[in-house]
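What follows is a set of notes on a single structure, which appears directly below.
Start at 1 and go down the list; that is how both ligands and their atoms are numbered.
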Amino acid sequence: MVTTESSLAKNPLLEGMRLEKRASPFAMVILGAHGDLTKRKLIPALYALYLEDLLPKDFAILGSSRTKMTDDEFRGVMKDSVQKFASDLNFQEDSWGEFAKSLHYLAADVMKPEGFTMLSDRLQELKQEHSTQGNHIFYLSTAPSLYTPIVKGLASSGLATKAKPNQVPWPRIIVEKPFGHDLQSAIALDEEIHDVFSEHQVYRIDHYLGKETVQNIMVLRFANGIFEPLWNQKHVDHVQITNAETLGVEGRGSYYEEAGNLRDMVQNHLLQLVSLVGMEPPISLDPEATRDEKAKVLKCLRPIDPSEVDQYAVRGQYGAGHILGQTVPGYREEEGVSDQSNVETFTALKLYIDNWRWAGVPFYIRSGKRLAKSITEIAIHFKSAPHRLFSDSLDSVLDSRPEPNVLVIQVQPEEGISLKFATKQPGQTNQLRHLNMDFKYGTAFGVRSATAYERLIHDCLMGDPSLFSRTDQVEVCWKFIRPVLDAWSDKSRKTNFPNYAAGSWGPLASDDLIASTGHKWRRL
Ligand code: BG6
């Protein structure tokens, strides 16, 4: 029987506010539970939610994959993983023991109808055992090629049906990235999913949106009066977004050969960051109001003309090199990678948002593996002061010229915000120094930040899709990068790969890209 959950906030003044509320009982099925994500992120996040008392009393987690394992074996593997990958959690045998009672495992082949019959039967048993009330979340953490068969299997076994908002019991689906391989496949996947689920049941995960500092972008912009008046083409000279990793492909060579950096990082994580920096203020905190604004700004991205791809995009691939004192192999030497591979491990893009707010302001984004340092940041470079009162002639040292102000939102590793500004050095001359006003999450709050997966899984349990990508956002991002994808998959275009050494800041062409419009990458 279909009933409705009581509304979160009947008072219109409270509408859209996140109120503390415990999630309803549920069973979460993790499909692809034998994979790395389950061990490194999902189970640690669920255990952290349990420790924070953010899970309901009644819940079950059912890991599933083809590998044969008993419940106890699965619990053992997950216990080791939590201790290894979530060392910041207050792991205790007692709390783990209690949590693990809700952990189960089912060996099933989702390519066969019997796999779904077994899943359905097991969920029935868990409903009795853990009083899950029939609320189900299906977490797709398998190879993307299995997404469509799984969705079809869920439909034909009756495990998934289109539901009305607030209907109980509810089936929901969380889809890991990549959502499609290009625009066409993303649309096709979306159609398959929408045959079975309504949009409000679909949670397309982009873990960058769950990161604490990423959520803080909206707060910084829209809860303070001083930034927004400056946040436009009148005052902003350009924006730089950097995502640098020292890690290589970490055993995911065969996935990466299919994906490459543009699909793996830029289409989703980095363009989501662009949308948060570029969006207009939403009219409320209602999930759709925010997602509308994000989609709107992404639709303003200036299309890249296929004949001009090289003026807007640079690709790179790392060769062998040194990182933090260690010699590391080149991409082509990684396991699962072809020794002739032309797949990019680095991308730099110049893009423009063609709207009233951002007309003419270049946004530069770069992302790469095996770079000199692990860091992700957004840097808003403001225009220089209109008049050079402290002129160059007065100053003997180069550093004493007034430099533009830069507001940096550091996403990781150390989450924080800093503002660079000029100040006078003490003494008899007008010598300037550039200093930073720094805010660091860790020292300011002194509490552990929840991981992105904790926040996002909890939001899904609460039925809040605000921090998940909506179908129109995903499609517009694929559409934007399509000319670059097409050009880079054209085998007649030569690459000079490997074109950067592991441990460097990427190919020189990326410096030329930004220099062509008069700018320079920040030294990080
Ligand atoms: C994943 C990519 O989505 O994000 C990985 O598939 C990448 O290749 C990872 O390493 C980076 O995430 P984070 O949170 O470590 O910046």
Side-chain angles (χ1 to χ4, degrees), residues 32 35-42 44-45 48 85-88 139-144 147 174-181 203-217 241-274 276 315-318 323 328 331 334-337 341 343-347 365-378 409-416 441 449-457 467-469 474 477-478 481 502 506 524:
D36 236 26
L37 188 75
T38 311
K39 292 183 202 140
R40 284 177 185 265
K41 304 287 184 191
L42 305 184
F85 299 119
S87 51
D88 60 331
Y139 197 121
L140 304 196
S141 172
T142 60
Y147 290 178
I174 303 184
V175 188
E176 258 301 328
K177 63 166 265 282
F179 195 87
H181 188 70
Y203 292 76
R204 296 173 196 79
I205 206 160
D206 182 318
H207 78 277
Y208 266 57
L209 296 178
K211 289 181 189 273
E212 200 67 63
T213 334
V214 174
Q215 292 167 50
N216 206 21
I217 299 173
I241 301 181
T242 298
N243 159 261
E245 290 182 85
T246 52
L247 291 178
V249 288
E250 304 298 296
R252 295 196 305 155
S254 45
Y255 154 75
Y256 212 79
E257 282 284 272
E258 291 293 314
N261 178 271
L262 186 60
R263 286 188 176 91
D264 186 48
M265 294 298 297
V266 178
Q267 185 272 342
N268 33 67
H269 305 323
L270 270 76
L271 288 179
Q272 287 290 341
L273 296 185
V274 169
L276 282 163
R315 58 178 157 165
Q317 186 192 84
Y318 62 86
I323 294 192
V328 296
Y331 175 68
E334 302 270 11
E335 199 190 318
V337 172
S341 175
V343 166
E344 80 287 352
T345 57
F346 176 96
T347 306
I365 59 184
R366 59 178 165 165
S367 166
K369 292 214 179 274
R370 287 285 191 224
L371 297 182
K373 194 173 172 185
S374 283
I375 187 164
T376 300
E377 63 151 54
I378 299 165
I409 301 166
Q410 185 149 330
V411 176
Q412 54 197 24
E414 213 174 345
E415 302 172 313
Y441 256 83
S449 286
T451 65
Y453 279 93
E454 281 168 58
R455 173 66 198 253
L456 295 172
I457 290 175
L467 298 178
F468 291 81
S469 310
V474 174
C477 291
W478 279 120
I481 66 160
L524 301 174

> For Glu335, does the CD atom have more than 12 heavy-atom neighbours from other residues, nucleotides or ligands under 6.0 Å away?
Replying inline: no

> How would you list, by chain and number, every residue that makes a salt bridge (Lys or Arg N to Asp or Glu O under 4.0 Å) with Lys369, sequence neighbours excluded?
Replying inline: Glu245

> Looking only at side chains, do Asn268 and Tyr208 share a donor and an acceptor under 3.5 Å apart?
Replying inline: no

> Does Glu257 have any salt bridge (Lys or Arg N to Asp or Glu O under 4.0 Å) partners at least two apart in sequence or in another chain, and if so, which?
Replying inline: none

Are any protein N/O atoms closer than 3.5 Å to the N/O atoms of ligand 1? If there are, list each pair with names and the distance to one decimal place.
residue  : atom   : partner : partner atom : Å
ligand 1 : 3 (O)  : Lys177  : NZ           : 2.8
ligand 1 : 3 (O)  : His269  : NE2          : 2.8
ligand 1 : 6 (O)  : Lys177  : NZ           : 3.0
ligand 1 : 6 (O)  : Arg252  : NH1          : 3.4
ligand 1 : 6 (O)  : Arg252  : NH2          : 3.1
ligand 1 : 6 (O)  : Asp264  : OD1          : 2.6
ligand 1 : 6 (O)  : Asp264  : OD2          : 3.3
ligand 1 : 8 (O)  : Arg252  : NH2          : 2.5
ligand 1 : 8 (O)  : Asp264  : OD2          : 2.6
ligand 1 : 8 (O)  : Lys369  : NZ           : 2.9
ligand 1 : 10 (O) : Glu245  : OE1          : 2.6
ligand 1 : 10 (O) : Glu245  : OE2          : 3.3
ligand 1 : 10 (O) : Lys369  : NZ           : 3.0
ligand 1 : 12 (O) : His207  : NE2          : 3.1
ligand 1 : 14 (O) : His207  : NE2          : 2.8
ligand 1 : 14 (O) : Lys211  : NZ           : 2.6
ligand 1 : 16 (O) : Tyr208  : OH           : 2.5
ligand 1 : 16 (O) : Gln412  : NE2          : 2.6

>> Quiz question: by atom type and distance under 3.5 Å, do the side chains of Thr246 and Ser374 form a donor-acceptor pair?
In response: yes

> Considering residues at least two apart in sequence or located in another chain, which fulfil the salt bridge (Lys or Arg N to Asp or Glu O under 4.0 Å) criterion with Glu176?
Replying inline: none

